[in-house]
Number of protein chains: 2
Amino acid sequence: MFELSHLRCFVAVAEELHFGRAAARLNMTQPPLSRQIQLLEHALESRLLERSSRIVSLTPAGRAFLPEARRIVHLSESAASWTRRVWRGEVGTLRLGYTAASGYSRVPALLALVRRELPGLDVVLREMVTHAQLEELDCGTIDAGLLRALPPGSRTASLPLASEGLAVAIAVGDPLLQRASLSPADLDGRDLVGYSPNASKYLFELTMGFLDQSGARPNLTQQVGQIHTMVALVAAGFGLALVPESARCLGMPGVEFRRFETSPCKPVELMIVWLRGNENPALTTFIETYRGDQVLA
Amino acid sequence: MFELSHLRCFVAVAEELHFGRAAARLNMTQPPLSRQIQLLEHALESRLLERSSRIVSLTPAGRAFLPEARRIVHLSESAASWTRRVWRGEVGTLRLGYTAASGYSRVPALLALVRRELPGLDVVLREMVTHAQLEELDCGTIDAGLLRALPPGSRTASLPLASEGLAVAIAVGDPLLQRASLSPADLDGRDLVGYSPNASKYLFELTMGFLDQSGARPNLTQQVGQIHTMVALVAAGFGLALVPESARCLGMPGVEFRRFETSPCKPVELMIVWLRGNENPALTTFIETYRGDQVLA
DNA sequence: GGCGGTTACGTAAGGCGTAAGAATT
DNA sequence: AATTCTTACGCCTTACGTAACCGCC
């Protein structure tokens with residue numbers, strides 16, 4: 001069977017209609033070029049070129065084969081360059097898991113970054129709770145997750161995505177909103193919507209730690225897993241809530257947010273997490289681009 | 001740069017996901033297959049396969065390259081078989097010149113033959129007068145012509161296409177049509193539409209020869225170049241005409257045809273003519289198919 | 001006689017197969 | 001220990017370049 005090099009030889013001769021010039025274009029001498037054409041003709045059981053001593057012309061079979069040969073050569077070159085770009089991570093697919101909370105805070109900025117710096121990347125977004133993201137990271141269904149709790153073990157790597165303070169979500173009309181400044185003690189005796197220790201382990205532990213440390217004594221009521229649910233409960237009059245500041249972005253009517261004047265609380269972290277073993281080049285370029293952008297910002 | 005053999009190796013390994021089985025499929029041993037894949041990866045500056053000692057899997061770059069590799073291999077195979085068929089003359093283009101006269105007598109049968117026996121052949125038909133056909137044969141613009149006069153010289157070859165007698169075209173109402181049998185002497189003194197010695201040299205000479213030989217003495221009037229013009233003139237009352245029998249096929253109203261009872265006239269020949277040097281395989285298969293069909297008929 | 005394609009031949013590169021190696025289960 | 005991919009090495013095919021050849025303007 002013939003090879004791509006034969007096709008390149010044939011295309012050159014067919015275009016030049018002159019073995020000498022074609023050979024020069026191919027950076028070789030005429031004799032081996034003649035031989036390559038003969039081998040190609042033998043492989044195709046067809047005469048492609050008519051050589052009448054002074055003039056070279058295409059036979060009907062050669063005319064039929066030429067556009068095919070061109071297409072094959074061109075296709076192989078474009079396939080090669082495309083594959084190189086996939087390997088370098090310039091084009092490809094990045095499957096990203098994200099929590100509902102990150103959806104309204106950081107995801108839009110990340111997508112904008114990808115669109116600006118890595119326009120060849122397709123980002124497939126899937127909203128998932130943290131533990132689902134960890135599972136899918138593990139089995140390779142997503143390339144990276146946006147989550148709060150860094151899982152144990154060294155199989156994962158991570159990069160900080162956001163760090164924010166805790167705010168108090170307060171229903172409009174609540175006299176607390178009239179206060180000039182807020183302190184943890186202001187929560188004493190008030191209803192406080194709490195986090196589920198299962199579905200929202202990170203925020204559960206962080207808020208509980210904050211309450212312990214600050215000595216506030218609110219009256220814990222519901223246990224919910226997602227921040228937008230929590231803010232909705234505040235709007236519905238179920239009490240106050242401790243939420244990351246970015247909850248403002250939800251724009252929930254009937255709820256306002258206040259920070260503590262002197263806040264000893266740990267910041268709420270959000271990070272990009274991925275498996276170290278993940279060989280998707282799109283992930284690597286994404287991470288590097290994000291890291292580079294962070295340095296600049 | 002990589003070659004088609006590398007692509008075949010890669011496709012086999014990517015489909016089997018096992019070097020040993022892929023090598024067996026390719027009728028080779030594993031080690032050179034490994035090496036070919038490495039060379040391909042080197043040429044593409046990309047890792048296409050992940051070999052984790054017990055399991056072989058595609059990288060994103062490999063997944064991107066696989067369909068391209070398949071396409072290229074498939075294209076090269078189909079291009080090869082297509083070219084072989086063009087070379088054998090099973091597919092291709094046959095440019096055929098024909099005279100108006102052959103258009104209503106033999107061309108339909110020829111086209112039917114091609115459609116039946118050589119369905120891959122495109123026949124490009126062009127109606128042309130004889131001398132134009134000879135010119136275009138010479139410069140290669142048509143592959144074969146259907147004409148009456150065999151040109152001199154050995155650069156052409158030919159095959160008989162039709163051989164028919166002369167008939168007399170007679171306008172309806174002419175008392176000649178009442179006669180039981182017709183002899184050349186019946187033309188004596190009658191108007192006869194004649195052929196142009198330039199535009200229709202062959203029929204001019206043939207009919208003149210016939211008149212000389214038979215001793216008929218008609219009154220020659222017009223000189224026309226084409227048979228349908230001639231028959232139209234007969235219908236319009238310009239006299240009688242000597243035409244090939246196939247002129248009946250014209251179905252011109254107001255004209256009927258009669259043969260001579262005892263006709264010493266030479267048959268009117270129609271032949272397929274082509275240049276011996278013509279290398280269009282479509283012409284060769286066409287001629288051979290026609291010749292074979294003639295033997296059968 | 002010169003231009004242009006082909007054939008002949010020596011050298012070098014590359015592919016294949018066998019054998020040995022390395023890594024994982 | 002067995003399976004599977006990789007490396008090492010010898011052999012052979014094949015491509016290249018130089019030189020000689022043939023055919024035609």
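Below, read A as the first sequence line, B as the second, and so on, with proteins coming before strands; counting in each chain starts at 1.
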Residue set satisfying salt bridge (charged side-chain N to carboxylate O under 4.0 Å, His left out) with E90(A), at least two apart, ordered chain then number -> R85(A), R88(A)
* S158(A) side chain to M271(A) main-chain N or O, any donor-acceptor pair under 3.5 Å? -> no
Sequence neighbours excluded, the answer for salt bridge (charged side-chain N to carboxylate O under 4.0 Å, His left out) partners of E41(B) is R51(B)
Per the under-4.0 Å heavy-atom filter, residues of residues 22-39 of chain A near DNA chain C come out as P31(A), S34(A), Q38(A)
**Asked** Can you tell if the side chain of L49(A) reaches within under 4.5 Å of the side chain of T59(A), non-hydrogen atoms only?
**Response** no
With the criterion being N/O to N/O and under 3.5 Å, what pairs connect the protein with nucleotides 21-25 of chain D, and how long is each?
residue, atom, partner, partner atom, Å
dC24(D), O4', S53(A), OG, 3.0

Report task. Would you mind reporting whether L161(A) and L146(A) have side-chain heavy atoms less than 4.5 Å apart? Result -> yes
If we only count heavy atoms from C-beta on, is the F19(A) to S34(A) side-chain gap below 4.5 Å? yes
Contacts satisfying side chain to side chain donor-acceptor pair (under 3.5 Å) that involve residues 268-280 of chain A (not counting sequence neighbours) are D143(A)-N278(A), D143(A)-N280(A)
I55(A) atom CD1 is separated from dC3(C) atom P, nearest whole Å, by 17 Å
Sorted by chain and residue number, the salt bridge (charged side-chain N to carboxylate O under 4.0 Å, His left out) partners of E15(B) (sequence neighbours excluded) come out as R25(B), R70(B)
Sorted by chain and residue number, the ring-ring contact (aromatic ring centres under 6.0 Å, His included) partners of F10(B) (sequence neighbours excluded) come out as F65(B)
CG (L203(B)) and CD (Q226(B)) are apart, to the nearest 0.5 Å, by 10.5 Å
Atom CZ of F19(B) and atom C1' of dA23(C) are separated, to the nearest Å, by 15 Å
Original post:
Between T99(A) and S102(A), is a side chain to side chain donor-acceptor pair (under 3.5 Å) present by the stated rule, with each step listed?
Top reply: CA-CA 5 Å; T99(A) 56; S102(A) 63; 3.3 Å; yes
Just distance, no hydrogens or angles: give the donor-acceptor pairs under 3.5 Å from side chains in residues 118-130 of chain A, sequence neighbours left out.
residue, atom, partner, partner atom, Å
R126(A), NH1, E136(A), OE1, 2.7
R126(A), NH2, E136(A), OE2, 3.1

Between its two end axes (five pairs each) the helix from dG1(C)-dC25(D) to dT25(C)-dA1(D) turns, nearest 10 degrees, through 20°
Exercise. So, T285(B) side chain and P281(B) main chain: donor-acceptor pair closer than 3.5 Å or not?
Worked result: yes
Within residues 1-13 of chain B, the residues having a heavy atom closer than 4.0 Å to DNA chain D are none
Worksheet entry | Donor-acceptor under 3.5 Å (S46(B) side chain, L48(B) main chain) | no
Ordered by number, residues from residues 41-51 of chain A within less than 4.0 Å of DNA chain C (heavy atoms) are R51(A)
Residues at least two apart in sequence or cross-chain that pass side chain to side chain donor-acceptor pair (under 3.5 Å) with S200(B), listed by chain then number, are none
